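Structure, as C-alpha cells:
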Protein chains: 4
Amino acid sequence: MAKLQKSIDKRNALIKATIELVNNSGFHATPMSKIAKMANVSPATIYLYFENKQDLVNKTYLEVKYKYTEAVFKNYDTNTSVKAGFEFIWKSIADFKTKEHEYAFFLNQCDNTLMIDESIIKEGIKYLQPLLDLWKRGKEEGLIKPMSNHLLYAYTINPLSFLIMVQKRGDFQLDKEHLEKAYQAAWNSIKTTK
Amino acid sequence: MAKLQKSIDKRNALIKATIELVNNSGFHATPMSKIAKMANVSPATIYLYFENKQDLVNKTYLEVKYKYTEAVFKNYDTNTSVKAGFEFIWKSIADFKTKEHEYAFFLNQCDNTLMIDESIIKEGIKYLQPLLDLWKRGKEEGLIKPMSNHLLYAYTINPLSFLIMVQKRGDFQLDKEHLEKAYQAAWNSIKTTK
Amino acid sequence: MAKLQKSIDKRNALIKATIELVNNSGFHATPMSKIAKMANVSPATIYLYFENKQDLVNKTYLEVKYKYTEAVFKNYDTNTSVKAGFEFIWKSIADFKTKEHEYAFFLNQCDNTLMIDESIIKEGIKYLQPLLDLWKRGKEEGLIKPMSNHLLYAYTINPLSFLIMVQKRGDFQLDKEHLEKAYQAAWNSIKTTK
Amino acid sequence: MAKLQKSIDKRNALIKATIELVNNSGFHATPMSKIAKMANVSPATIYLYFENKQDLVNKTYLEVKYKYTEAVFKNYDTNTSVKAGFEFIWKSIADFKTKEHEYAFFLNQCDNTLMIDESIIKEGIKYLQPLLDLWKRGKEEGLIKPMSNHLLYAYTINPLSFLIMVQKRGDFQLDKEHLEKAYQAAWNSIKTTK
DNA sequence: CATGAATGAGTGTTCATTCAT
DNA sequence: TATGAATGAACACTCATTCAT
C-alpha cells in the first residue's frame, strides 16, 4: 500500500517533470537526466516506469489528454440541446485551458510538432468523441453548418490553443471578456444562419 | 557577379535544406551536418553564412515569413473596402498556404514551439501590418467586432494553419469547397451583426 | 529437506541459465538480470548464492569441469594398458563433448578467453590428473613421445574442442566416422614410432 | 600526402589499441573511450574511421587475418611437393604466431567467441585458400589422409593456437624444441601410413 | 571563400549491485 | 531466505562548433 503509493507518486513526479521541462525547452532539448533530477530519482529509475524517452512522452501526452477531456466532459449532459451542449463544452474547454495552461501548452506543443507517435495522437483523439457526437447531432438538426469536423475544430477549439500560446508568450492576457467574445466568434463561425 | 551569385545560391540552398529537414524532424532532431549535406556544402561553410544553428533557423524563419507576406500583400490595394480587402487577404493567405504548404508548415512549427527567438517572432509579426491596419479600419467602420487583434487572428488566420497541419498529417485534403466554407466561417466569426 | 532441495534447485537453475546465456552471448553480454529471469528468481537472489558475477561464472566453470571429468573418468580403470587407457579416455571425452555440447562449448569459451580467474582455471586442470598420470606412464613405457603435457593436450584433446566449436557454427557435423579418424589422428600424433 | 599519412596513422593506432585492449580484457570489457585514449584521439574520432564498435572489431579482425596469411604465404611456392609445402606453411604459421603472439592471441579470441560477425569470419577463411589447395593435392596424391579439412585444421593448425594461448597464460614457454616436436605431431596426425 | 578532419561535452540507455521489506 | 525497486557509474554514440589548410 505505502509501496504502491510511492510508486504512483514517482510516476506522477516523472510525468510532471516531463511536462514542465518539455514546455520550457521542447522534447529534444530536455535530457532524461534533467527529468530525473527534477523528479528526484535516478536516471535509471525512469526506465522502470517507461520503456524509453519516446514512451515517456507518449504516455505523458495521453495522460494529459485524458485529464483534459475528463475534466471537460465530466459534467456534460448528452441530453441537452445542441446549442447548450456546445456552449457547455466550449466553456469547459476554455476553463480548463486557462486554468491548467501548462497542460494546454503541453498538448499544443505535442499537436503541432512530430514529437508524439501518430498512433498515440489518434488514440488521444478518441477522447473527444462526445464533442464529435454533438457536432453530428447539430448538423443533423440543421443548427450547425455541414462542415468537416476538422473545420469545426479549426474554428472553435483550435483558436483557444492559439490564444493560450500567445498568452504564454507574454504579450496578451486572456481575460473573461476576451473569452466571452471568443465564444461568440466560435459559435458564429459554425452556426447556420436562417 | 558569378561569385556573388554562387554565394547567394549556397545561402538559399542552406535555407531550403533547413526548412525541409526541420519540417520532417523538428529543430533539435536535424543536425547541422545533415543540413550541410543536403545543401551540398561542408558543415564548416554554414558558419560562414550564419553565426550558429539558432541564427540559421531564426534567419530562415524571417526569410519564409517575408516570402509569405510579400506574396500575400503584393497585389493588395489598401483603398478597397474592408470586406473586399479582408476577403482578398484571407484568400491570398489561403492560396499561399495551400500552394506553399512546406513554407506554411514550417511557419506553423516555428510559431507553436520555442525554437525561434522571441525578438525574431516579433520582427516577423510586423510584416503583417497591412492586415492589422485593415482590421483597425474595419473596427472603426463598425464592420468588424471590437476584438483584440489576437482574437481576430485566432479566428481567421490561425485556423488555416491548423488545417494545413492536419492535411500534412494525411487524413484530410483541404479542397476548394472546404476553403470556401472556411472563408465564410472566418468572416462570420468577426463581422458585426446588425 | 524440502527447503534445502529448493535451495539446491535454485542454485542449479542459476548455473544452467548462466551456461545457456554465456554460450549464446558471451560473458559480458549476459546481464545478471537475464540470468535471474531465466532461472526464475530475483536478481537479488543471485547474491545469496554467489558473491558477484565473477564468482558466479567461476563456480559455474568449476561445476561444469567437474561434471565433465567425472563422466570421463567414472569407469576408467587405471590398471589397463596405456594404449587402451588412452583410447578409453579419449573416446569418453569425445562422447561427453558430442552429447553434452552445451557444456563443451561453455568450457571452450572459458578456456579461450579471460573470463575465468586464473586460479580457478588451475583448479580445474587438477580434475584431469588421471590423464596426466596416464601420459606419464606412457612416456615412461616409451609408448608416448616425450613431450610436454601441453603439447600432448594440444594434439589429442584440444582438437575435439575445436571441432565442437566448428559444429556449433553450423557448417560441419561431427559424426561417428569423423570421430574414428580423429582418434587415429590423435593417437598418431603422440605415439612413438618404432 | 602528409594529411593522408596522418589519417592512416590514426587508423592504425586505433587498430593497434583495439588489439591490445581486447587481448587484455575482451571485447565487451574494452570501452571505446579507452581505445580512443590509447590511440590518442577523441572518442568521436573513432567514428570517422569506423561505423561503430562492431565494425571496428570486424575490420581489425580482417586486417590481422590478412597480415597473418600474407606473412605465411608470401614466400610459399605452390609448385613444391606436398610434404615440403606443408612443412613450409606450418612453420611459417608457427613462426608468425610465436613472433606476433599478440596477433595470434587476438585471432584466437575472435575465433573462439561470438564477437566477430559470421560473414566476416567466413571472409577471413578465404585467406587460407592456398593451404586448402595444398591439402586437396595431398589427398589426391595419397599423402594426406582423406579427412575433412576441419579435421586437418584441428590437428595441425589449431594446436598452435592452443599453445600460444597456454603460453600467454604464463606457465609454458613454446621454444624451438617444442615446435619441432609439434611439427612432427602435426604431420604424423594427418599423413598416410604405408 | 571553403573545407574535411577533429573534438569536448553531452545524450539516451544499461547493468551489477544494494537495501528495505 | 527472497524480493522488487532503486541507483551510480558506466557505456556507445552524436553533434554543434572549430581550425589548419
Side-chain angles (χ1 to χ4, degrees), chain A residues 1-4 6-7 10-11 27-36 40-57, chain B residues 3-4 6-7 10-11 27-37 40-56, chain C residues 3-4 6-7 10-11 27-37 40-57, chain D residues 1-4 6-7 10-11 27-36 40-56:
Chain A
M1 189 175 42
K3 226 172 176 179
L4 177 62
K6 238 175 145 186
S7 233
K10 240 167 233 185
R11 209 190 113 105
F27 174 52
H28 278 100
T30 59
M32 293 296 259
S33 56
K34 246 188 216 164
I35 296 176
N40 267 112
V41 297
S42 157
T45 302
I46 301 182
Y47 294 85
L48 295 177
Y49 294 89
F50 304 95
E51 274 176 54
N52 48 39
K53 199 183 179 186
Q54 186 62 57
D55 183 49
L56 165 61
V57 77
Chain B
K3 233 174 175 178
L4 177 63
K6 236 176 143 185
S7 231
K10 246 169 224 183
R11 210 190 110 104
F27 173 52
H28 277 101
T30 60
M32 294 294 261
S33 57
K34 246 190 215 166
I35 295 175
K37 198 165 287 172
N40 270 110
V41 298
S42 157
T45 304
I46 301 182
Y47 293 84
L48 298 175
Y49 293 88
F50 304 95
E51 274 175 54
N52 50 37
K53 199 183 178 188
Q54 186 61 54
D55 184 49
L56 165 61
Chain C
K3 231 172 175 179
L4 177 62
K6 236 174 145 187
S7 232
K10 246 169 223 184
R11 210 190 111 105
F27 173 52
H28 278 99
T30 60
M32 294 293 262
S33 58
K34 248 190 213 165
I35 296 175
K37 198 165 286 172
N40 270 112
V41 298
S42 157
T45 303
I46 301 183
Y47 292 84
L48 297 176
Y49 293 89
F50 305 95
E51 273 174 56
N52 51 37
K53 199 184 178 186
Q54 187 59 55
D55 184 48
L56 165 62
V57 76
Chain D
M1 187 177 43
K3 226 174 177 178
L4 177 62
K6 237 176 145 184
S7 235
K10 238 166 233 186
R11 210 191 110 105
F27 174 52
H28 278 101
T30 59
M32 294 296 259
S33 57
K34 247 189 217 166
I35 296 176
N40 268 110
V41 297
S42 156
T45 303
I46 302 183
Y47 294 86
L48 295 178
Y49 294 89
F50 304 95
E51 274 175 54
N52 49 39
K53 198 183 179 187
Q54 186 62 55
D55 184 49
L56 166 60

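Order of the sequence lines sets the chain letters (A, B, ...), proteins ahead of strands, with each chain counted from 1. As the structure is a prediction and not an experimental result, all values here were calculated from the model.
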> What integer distance in Å separates C/H28:NE2 from F/dA10:C1'?
Replying inline: 12 Å
>> Measuring from the side chain of A/V41 (C-beta onward, heavy atoms only), which nucleotide among F/dT7, E/dT11, E/dT7 has the closest atom?
In response: F/dT7
> Which nucleotide sits closest to the side chain of B/M32: E/dT3, F/dT17, E/dA16?
Replying inline: F/dT17
> Which of these nucleotides, E/dA16, F/dA12, E/dT13, is closest to any side-chain atom of D/Y47?
Replying inline: F/dA12
> DNA chain E: D/S7 or A/P43, which has the more 5' nearest nucleotide?
Replying inline: D/S7
> How long is the line joining CD of C/Q54 and P of E/dT17, in whole Å?
Replying inline: 9 Å
> Would you call D/V41 and D/I35 a side-chain contact if the rule is heavy atoms closer than 4.5 Å?
Replying inline: no
> Once you round it to whole Å, what is the distance between C1' of F/dA16 and CG of B/D55?
Replying inline: 14 Å
>> Tell me the interatomic distance from A/N40, atom CG, to F/dA6, atom P, rounded to whole angstroms.
In response: 13 Å
>> Without decimals, in angstroms, what is the distance between B/E51 CD and F/dT17 C1'?
In response: 13 Å
> Can you name the closest pair of heavy atoms from C/N52 and C/M32 and give their distance?
Replying inline: C-CE, 4.3 Å
>> With nearest nucleotide decided by heavy atoms, which residue, C/S42 or A/S33, maps closer to the 5′ end of DNA chain E?
In response: A/S33
>> Between D/Y49 and E/dA5, is there a contact of a side-chain N or O with OP1 or OP2 at under 4.0 Å?
In response: no
> OP1, OP2 of F/dT3 versus side-chain N and O of C/T45: anything below 4.0 Å?
Replying inline: yes
>> So if I take every side-chain heavy atom of D/K53 and compare against F/dA12, E/dG4, E/dT17, which nucleotide ends up nearest?
In response: F/dA12
> Nearest-Å distance, CD1 (C/I35) to P (E/dC15)?
Replying inline: 11 Å
> Is the distance from OP1 or OP2 of F/dA6 to the nearest side-chain N or O of A/K10 less than 4.0 Å?
Replying inline: yes
> Taking the side chain of A/L48 as its heavy atoms from C-beta onward, which of E/dT17, F/dA12, F/dA6 lies nearest to it?
Replying inline: F/dA6
> Under a 3.5 Å cut-off for both distances, is E/dT13 Watson-Crick or wobble paired, and to whom?
Replying inline: F/dA10
> Roughly how many Å is it from CZ in B/F50 to C1' in E/dA2, rounded to a whole number?
Replying inline: 15 Å
>> Can you tell me the base-pairing partner of F/dT21? Count Watson-Crick or G-U wobble geometry only, both distances below 3.5 Å, and say none if there is no partner.
In response: E/dA2
> Whole-Å distance between F/dC11 P and D/I46 CD1?
Replying inline: 12 Å
> Can you check whether B/P43's main-chain N or O pairs, donor with acceptor, with B/K37's side chain at less than 3.5 Å?
Replying inline: no
> Hey, what do you get for CG (C/D55) to CD1 (C/I46), rounding to the nearest 0.5 Å?
Replying inline: 11.5 Å
> Any side-chain heavy atom of D/K34 within less than 4.5 Å of one from D/P31?
Replying inline: yes
> Which nucleotide sits closest to the side chain of C/A44: E/dT7, E/dC19, F/dC13?
Replying inline: E/dC19
> For A/T45, does its backbone N or O pair with a side-chain atom of A/K10 as donor and acceptor, under 3.5 Å?
Replying inline: no
